[in-house]
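Worksheet for the structure shown next.
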Protein chains: 2
Amino acid sequence: MPKVTEEYRVARRDEIAEAALRAFRRKGFQATSMAEIIAESGLSAGAIYGHYASKDAIIVDVASRVVGNRILDVERLAQTEPLAPPPTLPRVLVAGMLRAIGNPAIMLQLWGEGVTDPAVRTVAHDVIVRLRGALVEYTSLWHQRTHGTPPEEADVLAAEQAPLLISAVQGFVVQSAIVPDFDGEAYLASVEKYLPR
Amino acid sequence: MPKVTEEYRVARRDEIAEAALRAFRRKGFQATSMAEIIAESGLSAGAIYGHYASKDAIIVDVASRVVGNRILDVERLAQTEPLAPPPTLPRVLVAGMLRAIGNPAIMLQLWGEGVTDPAVRTVAHDVIVRLRGALVEYTSLWHQRTHGTPPEEADVLAAEQAPLLISAVQGFVVQSAIVPDFDGEAYLASVEKYLPR
DNA sequence: GTCTATAGTAGGATAGAC
DNA sequence: GTCTATCCTACTATAGAC
């Protein structure tokens with residue numbers, strides 16, 4: 001393991017991953033050919049295979065980058081004071097997602113490919129489980145702080161409610177990707193209005 | 001157009017579509033090869049191409065069959081008396097979906113491929129829009145009957161709430177397909193407990 | 001209508017020079 | 001590490017016999 005090369009390798013991988021993401025956005029993961037990733041990156045086949053063992057490895061790496069950082073949003077919010085009500089979290093998550101990947105449709109592709117590709121499914125699974133954990137913790141804390149609910153009871157409530165918050169985000173993703181005239185703002189307003197607090 | 005052949009053709013198409021669905025369940029739409037559909041159907045390439053112009057035509061036909069009949073569930077429920085509360089609808093829709101296609105994961109594949117395949121997206125789009133229409137109508141009716149809400153006001157409420165009902169179903173689909181230990185029953189109970197009525 | 005056999009092609013991955 | 005050129009597999013769809 002050479003010493004100068006390490007940060008160079010990382011930078012190159014970043015470069016390739018970002019080019020791949022741009023390409024994936026247009027045609028999805030599997031439907032994008034290596035030729036397109038190669039063209040988008042401006043590099044060559046040999047260069048790319050020097051950094052990734054296969055196209056699947058690129059997909060998995062890009063997928064991790066895409067979904068990896070939404071959990072941080074929640075954890076960061078849990079540090080703020082006063083705590084925002086849980087139904088406002090989907091808006092934060094959606095906004096973070098849009099900032100990170102531009103088009104939520106890529107999440108749909110990720111889930112769809114996860115059905116048959118175990119490596120992709122692992123990525124998708126991890127992020128949902130970690131997100132759920134963060135949301136449960138946040139929601140429990142919120143019940144305790146806001147309504148003085150005892151911790152055990154608050155945990156139960158939070159465990160019931162967190163999957164609904166996740167669904168709110170997932171529903172946003174599906175509907176905005178598939179229905180052209182989907183009104184995201186009205187949707188998020190409904191979420192905040194009707195989900196429990 | 002021969003007269004004996006017509007119902008025969010329909011039966012053959014059904015047969016092929018069902019075999020294709022079994023194959024798609026294993027590997028998704030695009031990742032399933034014609035060879036697998038051919039093997040699963042017990043027919044030959046020539047026979048299949050006699051009934052479908054292309055693999056894409058099979059995908060679109062199968063997709064339509066999969067999603068086509070959930071709207072009927074809602075319309076049927078709208079005829080019952082007394083009307084069940086809207087938050088119980090996701091349970092009905094999920095149950096109908098599971099009965100029809102066995103594994104909800106195929107819906108994820110459908111959405112995922114819809115991102116890049118216009119024909120598939122059209123199918124997915126149509127079903128969401130029609131389902132939303134049916135849910136809005138049902139929910140409006142429910143508000144009028146149960147709370148005596150005036151029709152215009154009930155329509156507004158219903159338009160706000162229907163997307164949340166759709167999200168509840170979509171969230172079920174995503175979470176049950178991706179998270180192995182997802183507790184569907186607890187999830188649906190939460191939906192019924194927390195969504196507005 | 002259905003079969004077998006195959007044409008035609010796209011795409012992932014590698015070899016070898018620099 | 002990166003390039004060019006290419007191998008080779010796997011796939012969709014068709015041709016032609018029955």
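Reminder, nothing fancy here: chain letters follow the sequence lines and each chain counts from 1.
When distances are taken from the side chain of B/Arg9 to each of C/dG1, D/dC3, D/dT12, the shortest belongs to C/dG1. Each of D/dC11, C/dG11, C/dT2 was ranked by its minimum atom distance to the side chain of B/Arg12; first place goes to C/dT2. Taking every side-chain heavy atom of B/Tyr49 into account, D/dT12 is the closest of C/dA13, C/dT2, D/dT12. Checking D/dT12, D/dT2, C/dA13 against the side-chain heavy atoms of A/His51 singles out D/dT2 as nearest. When distances are taken from the side chain of A/Ser44 to each of D/dT4, C/dA13, C/dT2, the shortest belongs to D/dT4. The side chain of A/Ala45 approaches D/dA5 more closely than any other nucleotide in the set D/dT2, D/dA5, D/dT12. Residue B/Ser33 places its side chain closer to D/dT12 than to any other of C/dT2, D/dT12, C/dG11.
The pair A/Glu137-A/Arg132 does not meet the salt-bridge criterion, since no charged nitrogen lies less than 4.0 angstrom from a carboxylate oxygen.
In this structure, CD of B/Glu36 is placed 7 Å from P of D/dC11, rounded to the nearest angstrom. Taking atom CZ of residue A/Arg13 and atom P of nucleotide D/dT2, one finds them 13 Å apart after rounding to whole Å. The CD1 atom of A/Ile38 sits 13 Å away from the P atom of D/dT2 (whole-angstrom rounding). Taking atom CD1 of residue A/Ile48 and atom C1' of nucleotide C/dA13, one finds them 12 Å apart after rounding to whole Å. In this structure, the CD1 atom of A/Ile58 is 9 Å from the P atom of C/dA13, given to the nearest Å. For the pair B/Ile37 CD1 and D/dC11 P, the computed distance is 12 Å after rounding to whole Å. Residue B/Lys55 contributes atom NZ, which lies 8 Å from atom C1' of D/dC11 at whole-angstrom precision. The CZ-P distance, from B/Phe29 to D/dT12, rounds to 15 Å in whole Å.
Below 30°, between 30° and 60°, or above 60°: for A/Phe29 and A/Phe24 the angle between ring planes is between 30° and 60°, a tilted geometry.
Close to C/dT2, at under 4.0 Å from its OP1 or OP2, lies a side-chain N or O of B/Tyr8.
Counting any heavy atom pair closer than 4.0 Å across all strands shown, A/Thr32 reaches sugar-phosphate atoms only and no base atom. Among the heavy atoms of the strands, none lies under 4.0 Å from A/Gly50.
When only modelled atom types and interatomic distance are considered, A/Tyr187 and B/Ser167 share a side-chain donor-acceptor pair under 3.5 Å.
Taking 4.5 Å as the limit, every side-chain heavy atom of B/Ile106 sits out of range of all side-chain heavy atoms of B/Asn103. In this structure, the side chains of A/Arg13 and A/Arg9 stay at 4.5 Å or more apart for every pair of heavy atoms.
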